[in-house]
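Here is the structure we will look at.
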Amino acid sequence: MATNPYAWLEASLATIHQANWYRSVQTIHGRPGATVILEGCEVINFASNDYLGLAGDERLQTAAIAAIQELGTGSTGSRLLSGHRELHKELEKGIASTKQTDDAVIFSSGYLANLGAITALVGKRDLIVSDQYNHSSLKNGAILSGAAFIEYPHCDIAELREKLHQQRQNYRRCLIITDSVFSMDGDLCPLPALLNLAEEFSCMLLVDEAHATGVLGKTGAGCVEYFECTGKQLIQIGTLSKALGSLGGYVAGSADLIDFLRNRAPSWIYTTALSPADTAAALAAIKIIQEEPQRRIQLWQNVNYLKQLIKEQIPDLKLLPTESSILCLQLPSAAAALTAGKQLREAGIFAPAIRPPTVPTSRIRISVMATHTYLHIEKLVNSLQKIQRGFYC
Ligand SMILES: Cc1ncc(COP(=O)(O)O)c(C=O)c1O
């Protein structure tokens, strides 16, 4: 007798619910910003990746509207066929000038940039070595490439060296892949040490600057600039959807690298070019990042103020080590993280619970914006203090 081939879905969903891993969307109304209307209630927004507050900036909107009026809503084809516009080239030049690389190529998302670059650069005869905490797009890019894939413990240079020592000679090419700012932890990869190892073992190094671009470094160029590694040979990936307030992704690097990706990256070749509106908004954001360092300065003042208040007022709070604008509050279980997220929400604060399988241990992820006021930060600390003291139990 035929059985229902979809029956496993219900059972699988029940397991997800049981483990407190079930996830669903929440509606935000109106423009993005430091405060938002979430399911009808105004909350202070510590859940966004819009670190510089540009997603709601008038100048990005004006640029996007002008691009739609001039160029239409859709790009209508892939870059190599009918989708290429002068605006795409301008944005690529802007990214390359920020990163101080020869060139850059934009993708329809950061996820697609990682898939495209990794699958183009390595294949069956090659090796990928990946930090255990890397973003899903790096891991899935690695799997899709068909290369041998091994992980090293988070930021553990000694272990990485050992793995390269054992394995490197068995493969044609080797690609080391890492987030530069770890998106669900907030710490930084040990970039100078990674560059040294890459050189010693003749490996390519790919860093994902998704949460660093616009945020870290003297000019906002990212973690590479922060570690004074600008100009070193490496592959920089990033997104236009976080500090740049738009949508899309990019790879920046040498002229040969970018030229090669335009010929070999499937998620760039076989997909429609980025829309004129997204491209124009990202270009406007790049200009603002170059011209308004005060936004980045304000962001870091906010991060430091939050850290200082936590240190003074809730010294026992278990925070993961961080050097970015992402702070994570460690919690013992998925249920505890959900409860803390709910309590914060009741206090008018939006900071989501992040649970397995996204991360190995449950936490509340707090992301600071340049447009938060000190009052917003004080309210967050006050609420965290109440949660810590069991006030809401
Ligand atoms: C480290 C990292 N890489 C890549 C991405 C994907 O970027 P996008 O949202 O542009 O697809 C994200 C975002 O979620 C990320 O956190």
Side-chain angles (χ1 to χ4, degrees), residues 23 25 32 47-52 54-55 60 91-92 95 99 104-119 128 130-144 151 154-155 175-189 191 194 205-216 222-224 226 234-252 265-268 271-275 277-279 281-283 285-286 320 322-328 352 354-355 357-360 363 365-368:
R23 301 189 264 196
V25 296
S48 161
N49 296 313
D50 181 20
Y51 300 111
L52 299 176
L54 292 179
L60 271 68
L91 176 57
E92 288 171 342
I95 292 166
K99 296 274 173 186
V105 55
I106 50 171
F107 287 72
S108 299
S109 75
Y111 207 108
L112 288 172
N114 273 323
L115 294 189
I118 296 170
T119 52
I128 292 181
S130 166
D131 189 289
Q132 187 191 9
Y133 286 4
N134 275 343
H135 186 257
S136 153
S137 53
L138 291 164
K139 293 187 181 195
N140 279 330
I143 292 164
L144 201 60
E151 289 189 312
H154 182 48
C155 290
L175 177 67
I176 302 171
I177 56 176
T178 184
D179 285 16
S180 68
V181 171
F182 286 87
S183 56
M184 294 297 149
D185 297 79
D187 56 346
L188 309 186
C189 75
L191 186 61
L194 288 172
L205 174 61
L206 181 155
V207 289
D208 183 336
E209 293 267 65
H211 295 268
T213 304
V215 172
L216 278 169
C223 200
V224 174
Y226 172 83
L234 72 150
I235 301 149
Q236 296 186 54
I237 309 262
T239 176
L240 309 175
S241 66
K242 302 193 192 299
L244 298 182
S246 180
L247 179 71
Y250 64 82
V251 182
S267 62
W268 185 80
T271 194
T272 303
L274 200 63
S275 79
D278 292 321
T279 312
L283 185 57
I286 288 276
L320 291 172
T322 176
E323 289 159 277
S324 69
S325 45
I326 302 163
L327 278 81
C328 288
I354 311 287
R355 295 159 285 159
T358 306
V359 285
R363 64 203 64 181
R365 180 179 185 269
I366 296 160
S367 95
V368 181

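Since we're looking at a predicted model, the values are computed, not measured. Order of listing sets the numbers, starting from 1, for every ligand and every atom in it.
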Which residue supplies the protein heavy atom nearest to [atom], what is that atom called, and how far is it?
{"atom": "atom 11 (O) of ligand 1", "result": "Tyr111 N, 2.9 Å"}
{"atom": "atom 5 (C) of ligand 1", "result": "His135 CE1, 3.4 Å"}
{"atom": "atom 16 (O) of ligand 1", "result": "His211 NE2, 2.6 Å"}
{"atom": "atom 3 (N) of ligand 1", "result": "Asp208 OD2, 2.5 Å"}
{"atom": "atom 14 (O) of ligand 1", "result": "Lys242 NZ, 3.0 Å"}

Side-chain donor-acceptor contact under 3.5 Å, [X] with [Y]:
{"X": "Ser183", "Y": "Arg365", "value": "no"}
{"X": "Thr213", "Y": "Lys99", "value": "yes"}
{"X": "Tyr111", "Y": "Thr239", "value": "no"}
{"X": "Asp208", "Y": "Asn114", "value": "yes"}

Can you name the atoms of ligand 1, numbered from 1 with element, that are less than 4.0 Å from a heavy atom of [X]?
{"X": "Gly248", "result": "10 (O)"}
{"X": "Gly110", "result": "6 (C), 7 (O), 8 (P), 10 (O), 11 (O)"}
{"X": "Ser137", "result": "3 (N), 4 (C)"}
{"X": "Ser241", "result": "8 (P), 9 (O), 10 (O)"}
{"X": "Ala210", "result": "1 (C), 2 (C), 3 (N), 15 (C)"}
{"X": "Thr239", "result": "7 (O), 8 (P), 10 (O)"}
{"X": "Ser183", "result": "16 (O)"}

*Would you check if Thr178 and Leu194 make a side-chain contact, meaning some heavy-atom pair closer than 4.5 Å?*
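In contact.
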Between the CG atom in Asp179 and the CG atom in Asn134, the distance rounded to the nearest 0.5 Å is 5.0 Å
_Using modelled atom types and a 3.5 Å cut-off, is there a donor and acceptor pairing between side-chain atoms of Asp50 and backbone atoms of Leu54?_
yes
ask   = So, His154 versus Phe182, ring centres under 6.0 angstrom or not?
value =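 Yes, they do, as the ring centres are separated by less than 6.0 Å.
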